[in-house]
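What follows is a short report on a single structure.
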Amino acid sequence: MSKEIYENPDLKKERQNCPFNKEEITHLLDGGKEKTIERKQLENYILSDEQLKDAVPMEYLSHADKYAEELRKACLLMHKLADSPAGQVPTLRALMGAGLGSAVLKEGNPLALHYVMFIPALMGQGTIDQQAKWLEKAYNLNMIGTYAQTELGHGTFLRGLETRATYDPKTQEFILESPSLTAYKWWPGSLGKTANYAVVMAQLYTKGKCEGTHPFMVQLRDEETHEPLPGIVNMWLNPVCISSYIHYGTYVKPTNSKLSYATMVFVRVVVCQDVTTNLRKAVTIATRYSCVRRQSELKPGDREPQVMDYQAQQNKLLPPLAATFAFQLAADHLWNLYHTANNNIEQGDLELLPDLHGLSCALKALCSSEAANFVEVCRQSCGGHGYMSCSNFPRIYGQVTAAETYEGENTVLWLQVARYLVKTRKEQSGGLSVKYLIGEEKGPKTVDTTLEGIVKLYRRAAVGLVDVAIAELDKSGRKGEAPHDAWNHAAVYLIKAAQAHARLFVVESFVDSLKEGKLSAPVRTVLSQLCELFIIYWLLERSGDFFLCSNLTKQDLLLLNSKYVELLAAIRPQAVNLVDSFDLRDEVLNSPLGCWDGNVYQRLFDEAAKSPLNQSNVHESFHKYLKPLLKSNL
Ligand SMILES: CC(C)(COP(=O)(O)OP(=O)(O)OC[C@H]1O[C@@H](n2cnc3c(N)ncnc32)[C@H](O)[C@@H]1OP(=O)(O)O)[C@@H](O)C(=O)NCCC(=O)NCCSC(=O)CCCCCCCCCCCCCCC(=O)O
Ligand SMILES: Cc1cc2nc3c(=O)[nH]c(=O)nc-3n(C[C@H](O)[C@H](O)[C@H](O)COP(=O)(O)OP(=O)(O)OC[C@H]3O[C@@H](n4cnc5c(N)ncnc54)[C@H](O)[C@@H]3O)c2cc1C
């Protein structure tokens, strides 16, 4: 007799009469029906392997045991990738895209940097010969690499890195050295115990001249014993300059000194997708739990309502739900720009490089910071149970908030965006993705609160805030301030302008995707509601920018507020169906609060029972410490 599959009655009711085809949204997010099939096959291939499951919850292991257990699973995962019917590279991309790795490697993947930075650095910076020598070895996992750039004393300011690579024309070798404690490479993932090679970013010195930071391939450990090579602590020998610019002893400048930063640009593009995947998990957990959880009294005397029926809860969860679609579509646009720009760069055409740098910095900073804020709101929306480690919110939050710092600390990236915007606006040239900055915004300044009208408001804010920042810079200049002081004293305005530009890109991506997309009417309706909700939400959150740069009035704002709460009520009935469309398996969500069947309380109880402290009624520490205290009559 087939076991009756439990489904929480409230969730069951939420799923009845769904007005749209969930699979259509799943396919949209996956990039098509075929991609969904591939993803599901990969999920089955990975998640069905009993050896990839944790014998005990990771939180109860020691630091060293956690490392060993994650390394065991990571190595097994790599074997599965290599044996994957879909091929190693497509499977890896699918694994990363689906956020599957973190479903298996809950404390972090000791081999992630090998795939996310080491191999991309070889592919993006290595010469043909170097790629022939190392890429196959790296793909075959005959070497494990990392990307060692950050030092104890420098992470942001790459021109300040202290690690030196001095070219010796006699031996035609580079001598790498860490001249001081602050020069020690610090933070690179896998560097401590796992990697035996690294791409090391160092200042290249040749003929007594510093030619700036360049990537070097360095062997860190013996391939057999894994012992660190002699002198590895503060002196490295025999590194090889990747994409060598040393030709017969002479340094040949690259066409653009920032091409050595290319790996970071790639990862910033990847991070946008990764934080969106994590946000989808958090929103799914919080939404399902909010429809299972009944609490308090809405109508006196009535049954306790689902907490999702409180407008306050909808205000917490529906904007992040909408954001998952907005960020996914923007990340897709950025990924396409990345590919176009990269193909052009390979042909020597660098025209799109500034756009790619500006946009990748903008979107990485925006998506990571917004996702971190939204994940925290999702956690808080689940009350005490959201605080538990098993809810998975602490881990998801740790992953998205790290992205606010790594791959370029967000403030620093915002200032990079501002530099690009000011230059584009002042020079009235270039700026593929900021064409609105070239020439004047045409048309009347009257405000209409249609979708198109709201997008125009975002454009006015984006160009207006750049002009405000430029006015500040010019004012400081007129007072005789040096450009670097004027820049520093305008930082607040510059960052606001950069953020407004990033939000405009996300808003336009969302609106344009709905215009272009071949969507059924029911899907278009619900996604249009989410789009309108999200762009009004952001406008209300930052209304000051719009008051400053457009003719927005108090009446307009009150009208938009009313529209916003109407949209909350309109979308509320579809919240569970929308998160179901993400098609995230329970093993990927890894949270008793977010499981598909809504059997929350039993699963919470089962999780608690796994704690070592719950394996006996009285822990041994009672007899050692508490009992003597109780008897001590202090
Ligand atoms: C850019 C800097 C801040 C400043 O650099 P400079 O000082 O050299 O430049 P200037 O500011 O003077 O500008 C001069 C000029 O150059 C232009 N410029 C600058 N950068 C670029 C660039 N990249 N490309 C093109 N052009 C550039 C700039 O616009 C100016 O132009 P104009 O003169 O015309 O105005 C620089 O110092 C910098 O980048 N700092 C940040 C350092 C950084 O980013 N470090 C990162 C280290 S690596 C790291 O942190 C790794 C983190 C871990 C990564 C893991 C990612 C995981 C992602 C998800 C994967 C999931 C896989 C698993 C899935 C699962 O498990 O489920
Ligand atoms: C989880 C994690 C994984 C990492 N993995 C790697 C890795 O694999 N490889 C690697 O090389 N690195 C790695 N890093 C390091 C990471 O890249 C750096 O921490 C990051 O680039 C920030 O640099 P920083 O630590 O020097 O911060 P700092 O720049 O020192 O930041 C401190 C403060 O100074 C401010 N600040 C700095 N410069 C400016 C400026 N010009 N204008 C205004 N404010 C400024 C910042 O905004 C910030 O508020 C990792 C970091 C983390 C957290």
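Order of appearance sets the numbers: ligands from 1, and atoms from 1 within every ligand. Count residues from 1 along the sequence. As the structure is a computational prediction, the values presented were derived from the model and not from experiment.
Close N/O approach between G408 and ligand 1 is found [any backbone or side-chain N/O within under 3.5 Å]. Looking at ligand 1, you'll find an N or O of Y261 within less than 3.5 Å of one of its N or O atoms. Taking only nitrogen or oxygen atoms, main chain and side chain alike, S102 reaches within less than 3.5 Å of ligand 1. For ligand 2, the polar-atom distance check finds no N/O of W186 at less than 3.5 Å from any of the ligand's N/O atoms. Not a single N or O atom of V265, backbone or side chain, sits closer than 3.5 Å to an N or O atom of ligand 1. Considering backbone and side-chain atoms together, Y406 places no N or O closer than 3.5 Å to any N or O of ligand 1.
Atoms of ligand 2 found under 4.0 Å from any heavy atom of Q149, numbered from 1 in the order shown, are 11 (O). Taking every non-hydrogen atom of T405 and a distance limit under 4.0 Å, the qualifying atoms of ligand 2 come out as 19 (O), 20 (C), 21 (O), 22 (C). Below 4.0 Å from some heavy atom of G155 lie the following atoms of ligand 1, by number and element: 42 (C). Listed by number with element, the atoms of ligand 1 under 4.0 Å from a non-hydrogen atom of T156 are 36 (C), 37 (O), 38 (C), 40 (N), 41 (C), 42 (C). Per-residue contacts place G101 under 4.0 angstrom from the following atoms of ligand 1 (heavy atoms of the residue considered): 65 (C), 66 (O), 67 (O). Proximity to G155 (heavy-atom distance under 4.0 Å) selects the following atoms of ligand 2: 21 (O), 23 (O), 24 (P), 26 (O). Set against the non-hydrogen atoms of T411, the atoms of ligand 2 under 4.0 Å away are 47 (O). Close contacts of ligand 1 with M117, meaning ligand atoms under 4.0 Å from a residue heavy atom, involve 48 (S), 51 (C). Atoms of ligand 1 lying under 4.0 Å from any heavy atom of V412, numbered from 1 in the order shown and given with element: 3 (C). Within the listing of ligand 2, atoms 7 (C), 8 (O) sit less than 4.0 angstrom from a heavy atom of G189. Each of the following atoms of ligand 1 lies closer than 4.0 Å to a heavy atom of Q149: 42 (C), 43 (C), 45 (N), 46 (C), 47 (C).
Ring pair F174/F216 is perpendicular by interplanar angle, where above 60° counts as perpendicular and below 30° as parallel. The aromatic rings of F505 and H333 sit perpendicular to each other, their planes meeting at more than 60°, with 30° as the lower class boundary.
With a heavy-atom cut-off of 4.0 Å, L113 touches ligand 2 through its side chain alone. Contact annotation for L415 and ligand 2: only side-chain heavy atoms (C-beta onward) come within less than 4.0 Å of the ligand. When heavy-atom distances to ligand 1 are checked against a 4.0 Å cut-off, E409 has no atom that comes that close, whether in backbone or side chain.
Counted within 6.0 Å of OH on Y197, heavy atoms from surrounding residues, nucleotides or ligands total more than 12; the atom is thus considered enclosed. For CD of E409, the number of neighbouring non-hydrogen atoms (other residues, nucleotides, ligands) closer than 6.0 Å is greater than 12. Counted within 6.0 Å of NZ on K53, heavy atoms from surrounding residues, nucleotides or ligands total more than 12; the atom is thus considered enclosed.
Protein non-hydrogen atoms do not reach within 4.0 Å of atom 33 (C) of ligand 2.
The option with the heavy atom closest to atom 61 (C) of ligand 1, from among D274, V267, L353, T150, is D274. Counting heavy atoms only, R159 comes closest to atom 6 (P) of ligand 1 of the residues K423, K364, R159. With W187, W487, Y147, W414 as candidates, the residue nearest to atom 6 (C) of ligand 2 on a non-hydrogen basis is W187. In this structure, of L152, T150, V116, L413, the residue bringing a heavy atom nearest to atom 11 (O) of ligand 2 is T150. Proximity annotation for atom 17 (C) of ligand 1: of K258, R268, M201, M264, K258 comes nearest, heavy atoms only. Here atom 24 (N) of ligand 1 lies nearest to H357 when heavy atoms of H357, E427, Q273, E407 are compared.
In plain terms, the two heavy atoms of D583 and E43 that are nearest each other are O-OE2, 4.5 Å.
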**Request:** Determine, stepwise, if the pair E211 / Q203 fulfils side chain to side chain donor-acceptor pair (under 3.5 Å).
**Result:** CA-CA 7 Å; E211 297 292 357; Q203 303 288 3; over 6 Å; no

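Using a cutoff of 4.0 Å between basic side-chain nitrogens and carboxylate oxygens, E107 and R395 are scored as salt-bridged.
Judged by distance alone, with hydrogens and angles left aside, the side-chain atoms of N590 form no donor-acceptor pair with the main-chain N or O of N392 at under 3.5 Å. In this structure, K185 contributes its side chain and L191 its backbone to no donor-acceptor pair below 3.5 Å.
Side-chain contact check for N44 and R585: at least one donor-acceptor pair (N or O, by modelled atom type) lies under 3.5 Å.
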